[in-house]
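Chain naming here is simple, since letters A, B, ... match the order of the sequence lines and numbering starts at 1 in each. Every value quoted in this text rests on a predicted model; they were computed, and no experiment measured them. Only heavy atoms go into these numbers, but all of them, side chains included; no hydrogens, no water, no symmetry mates.
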Amino acid sequence: MSTVITEQATDTVTEGAIRIEDVVKIYDPDGAAVMAVDHCSIDIPAGEICMIVGPSGCGKTTLLNAIAGFHDITSGSIHLDGELLCGPGQPEAVPGSDRIVVFQNGALFPWKTNLDNIAFGPMMAGKLSKQEIYDKARSMMADAGLSGTENNYPGEVSSGLRRRVEIVRALMNDPKVLLFDEPYRALDSLTKSVMHEALLEIYYRNKVTIFFITHDLEEAIFLGHRLIIMSSRPCKPKKIVEVDIPHPRDYSVLTSQRFREIMNEAKDVVHEEAQKAFDAGEKEG
Amino acid sequence: MDKSMDPTTSASSSEVSSAALTMFRLSSWLKSPRPYLMLIGFAAVLAFWFFSVEVWKLPRFVDMPGPTEVFTEWFSKEPYYGLSVYTPEYYKHIGISLRRIAFAFFLATALGVPLGLFLGWSKTFREFIFPLFELLRPIPVLAWVPLAIIMFAGSETPVIFLTFLASFFATTLNTMLGVESIDESYSRAARCLGANRWQTFKHVVVPGAMPYIFTGLQISIGVAWFSLVAGEMVSGQYGLGYLINTSYMMIEYPKIIIGMITLGIVGYTTSAMVRILGDYLMQWRVRELALGDN
Ligand SMILES: Nc1ncnc2c1ncn2[C@@H]1O[C@H](COP(=O)(O)OP(=O)(O)O)[C@@H](O)[C@H]1O
Ligand SMILES: [Mg+2]
């Protein structure tokens with residue numbers, strides 16, 4: 001099974017393979033060491049949608065931040081396409097437009113219009129002319145169904161639309177990896193389901209590796225090639241579930257027999273870890 | 001509500017101009033009870049003033065000029081005390097006060113905003129400037145008067161220096177808080193998208209701090225007037241503070257009230273101008289707020 005999925009994922013994608021090896025992250029605010037990630041190893045092939053599922057406060061964001069380069073790791077290493085991001089001698093990765101984060105609460109710049117937000121990355125890089133950048137931005141917005149909102153500010157449009165703008169802003173830079181930190185957490189379930197289909201649609205058009213954190217199991221199975229179910233803190237993979245439902249998927253998948261089987265397979269582990277986290281009184285960082 | 005004015009309808013109104021927005025806010029303001037409550041407030045104060053001085057003649061109000069006397073003087077072509085809207089002297093006081101405010105406010109903004117931005121941005125910079133700053137800040141303007149007169153030559157510079165001081169502290173402090181208020185994910189996003197430190201400063205730190213900067217400027221212009229009047233009372237020639245103080249010493253009481261009301265009007269106008277400039281520079285915020293109001 002797993003080879004089929006891997007092939008499917010890597011079909012057209014050659015870049016964006018992430019190798020997380022033995023990563024440990026210990027926070028040490030005023031001497032009270034908190035171990036957030038414990039000897040965690042995950043291998044993500046290029047072009048895979050890899051869903052990281054785990055209870056609140058287990059250390060998922062910590063792992064994502066290490067990949068993005070927002071903070072250092074205590075030991076271990078992370079490679080992107082064989083190149084060291086962080087590891088021995090280089091404790092902190094350098095943030096870059098090959099790995100772009102879509103934040104938990106959204107981080108579109110409220111003071112820039114949607115169009116200016118989307119043009120931001122290439123404008124900073126300064127490799128293309130302004131005309132070329134804005135033409136590309138407009139056409140990417142049109143592809144994502146965002147035409148007509150170019151001159152709106154993010155604060156003027158719905159939160160679902162904002163998320164789409166943010167994904168397009170990331171894709172403008174031709175990233176190898178998109179890192180999602182529970183982006184749909186605050187959305188209601190109806191908006192969520194629309195967002196999921198929209199995300200898949202964008203993914204089918206621009207295959208990149210997706211590292212997607214969630215604690216919503218349904219979301220995880222619907223979107224992912226693979227679920228990495230994390231233990232409660234410190235975080236390390238507890239169980240890996242392959243989702244052998246073929247892409248492209250749409251919402252009818254949710255009612256399929258296979259979906260329910262996978263759900264049942266994953267549910268017990270997730271519940272068990274959530275219970276542990278709850279008993280430990282975990283809260284998110 | 002007029003559909004064309006509504007900034008929430010996406011595509012068609014995405015080009016809402018700032019003029020349309022100002023009109024929209026004005027019309028919704030006129031439709032709210034606020035302007036009428038405001039008028040009632042004004043009327044109540046005027047009535048109290050009129051009755052206590054001119055009708056009831058309350059004991060402590062004996063020397064107080066009544067509204068009739070003040071307004072007759074203020075709008076008289078031949079004012080008894082020599083000051084009305086028809087005398088050039090009146091405008092000279094206003095003009096000179098305004099010029100001092102403009103100088104001091106400009107200086108305070110030009111120095112305070114960059115200083116605040118750097119204080120908020122660089123931890124090291126903050127560590128050696130901020131304690132000094134915090135020590136100087138609580139010293140009231142009046143305590144600076146003697147030093148200002150000793151330090152600066154003439155009568156004009158000490159007044160401008162005093163006016164500048166409090167404004168400068170308010171602007172710097174608010175700008176710094178503005179930088180600190182910026183959500184970390186914005187600068188992280190900028191770095192992800194390939195912005196270097198300077199680009200992040202320009203595209204995230206400055207615009208992100210802007211709402212606080214303008215809050216600071218509102219406070220700054222207010223305290224500028226406050227310090228100006230204090231300064232003009234002890235030093236300098238002309239100006240509204242000087243007018244109020246000399247009128248008191250010359251026992252020309254209606255002129256005190258004229259000076260005070262004028263100060264209120266001019267002060268309010270300058271602070272409204274700061275607010276309008278802020279709205280103009282922060283369209284994104286105006287539109288967000290307009291959205292929130294509906
Ligand atoms: N900057 C920090 N300093 C100290 N502890 C932190 C910090 N960030 C997170 N933590 C702790 O690390 C653990 C994992 O946090 P996080 O990675 O945010 O979890 P998750 O994203 O899975 O909810 C939590 O116990 C949290 O309190
Ligand atoms: Mg988290």
Side-chain angles (χ1 to χ4, degrees), chain A residues 61 64-65 67-71 93-127 146-158 161 166 169-175 177-179 181 183, chain B residues 5-18 20-21 24 178-179 181-214 278-294:
Chain A
T61 299
L64 180 140
N65 285 348
I67 302 172
F70 299 152
H71 58 54
V94 180
S97 57
D98 50 352
R99 295 150 277 140
I100 300 186
V101 178
V102 176
F103 289 87
Q104 189 159 340
N105 298 311
L108 285 175
F109 306 127
W111 46 85
K112 287 186 184 289
T113 61
N114 290 342
L115 185 63
D116 285 337
N117 262 289
I118 287 175
F120 184 80
M123 286 299 283
M124 294 303 106
K127 289 200 192 85
L146 294 167
S147 293
T149 64
E150 287 93 343
N151 297 319
N152 284 114
Y153 289 95
E156 292 180 287
V157 299
S158 70
L161 217 134
E166 201 170 349
R169 177 173 80 171
L171 291 173
M172 271 294 280
N173 305 279
D174 301 315
V177 183
L178 287 184
L179 303 159
D181 192 353
Chain B
M5 295 285 205
D6 181 2
T8 58
T9 52
S10 62
S12 61
S13 69
S14 60
E15 307 284 349
V16 191
S17 70
S18 73
L21 260 159
F24 168 72
V179 176
S181 78
I182 300 171
D183 192 328
E184 197 183 16
S185 37
Y186 294 131
S187 37
R188 284 181 166 179
R191 280 161 68 205
C192 265
L193 295 164
N196 59 31
R197 232 171 121 69
W198 165 243
Q199 287 169 324
T200 306
F201 183 76
K202 183 174 162 208
H203 292 279
V204 175
V205 176
V206 175
M210 205 59 100
Y212 275 72
I213 294 178
F214 270 90
D279 282 1
Y280 176 77
L281 289 178
M282 293 183 292
Q283 284 299 302
W284 60 278
R285 208 129 193 287
V286 176
R287 291 209 214 162
E288 252 173 40
L289 295 178
L291 212 63
D293 280 349
N294 297 327

Asker: At a heavy-atom separation under 4.5 Å, does A/L108 approach chain B through its side chain, its backbone, both, or neither?
Answerer: backbone
Asker: Hey, mind stepping through A/M172 and B/L193 against side chain to side chain contact (heavy atoms under 4.5 Å, CB included) and telling me if it holds?
Answerer: CA-CA 9 Å; A/M172 271 294 280; B/L193 295 164; over 6 Å; no
Asker: Roughly how far, to the nearest 0.5 Å, is the CG atom of A/N65 from the CZ atom of B/R188?
Answerer: 4.5 Å
Asker: Contact between B/C192 and A/F70 at the side-chain level, heavy atoms closer than 4.5 Å - yes or no?
Answerer: yes
Asker: At a heavy-atom distance under 4.5 Å, which candidate from A/N105, A/I100, A/V102 has the highest pair count against chain B?
Answerer: A/I100
Asker: Take B/Q283 and A/Y153 through the side chain to side chain contact (heavy atoms under 4.5 Å, CB included) test and state the conclusion after the steps.
Answerer: CA-CA 9 Å; B/Q283 284 299 302; A/Y153 289 95; 3.8 Å; yes
Asker: Mind listing the closest non-hydrogen atom pair of B/S185 and A/F103 along with its distance?
Answerer: CB-CD2, 3.6 Å
Asker: Please tabulate, for side-chain N and O atoms in residues 200-212 of chain B, each donor-acceptor pair with protein atoms closer than 3.5 Å (sequence neighbours left out).
Answerer:
{"unit_1": "B/T200", "atom_1": "OG1", "unit_2": "B/N196", "atom_2": "O", "d": "2.8"}
{"unit_1": "B/H203", "atom_1": "ND1", "unit_2": "A/K112", "atom_2": "NZ", "d": "3.1"}

Asker: If you count heavy-atom pairs under 4.5 Å between each of A/A107, A/G106, A/P122, A/A68 and chain B, which one has the most?
Answerer: A/A107
Asker: Within this structure, what is the CZ-CE distance for the pair B/R191 and A/M124, rounded to the nearest 0.5 Å?
Answerer: 15.5 Å
Asker: Look at the rings of B/Y186 and A/W111 and say which category their plane angle falls in: under 30° parallel, 30 to 60° tilted, over 60° perpendicular.
Answerer: perpendicular
Asker: As an exercise: rank A/P110, A/P95, A/G69 by heavy-atom pairs under 4.5 Å with chain B and give me the winner.
Answerer: A/P110
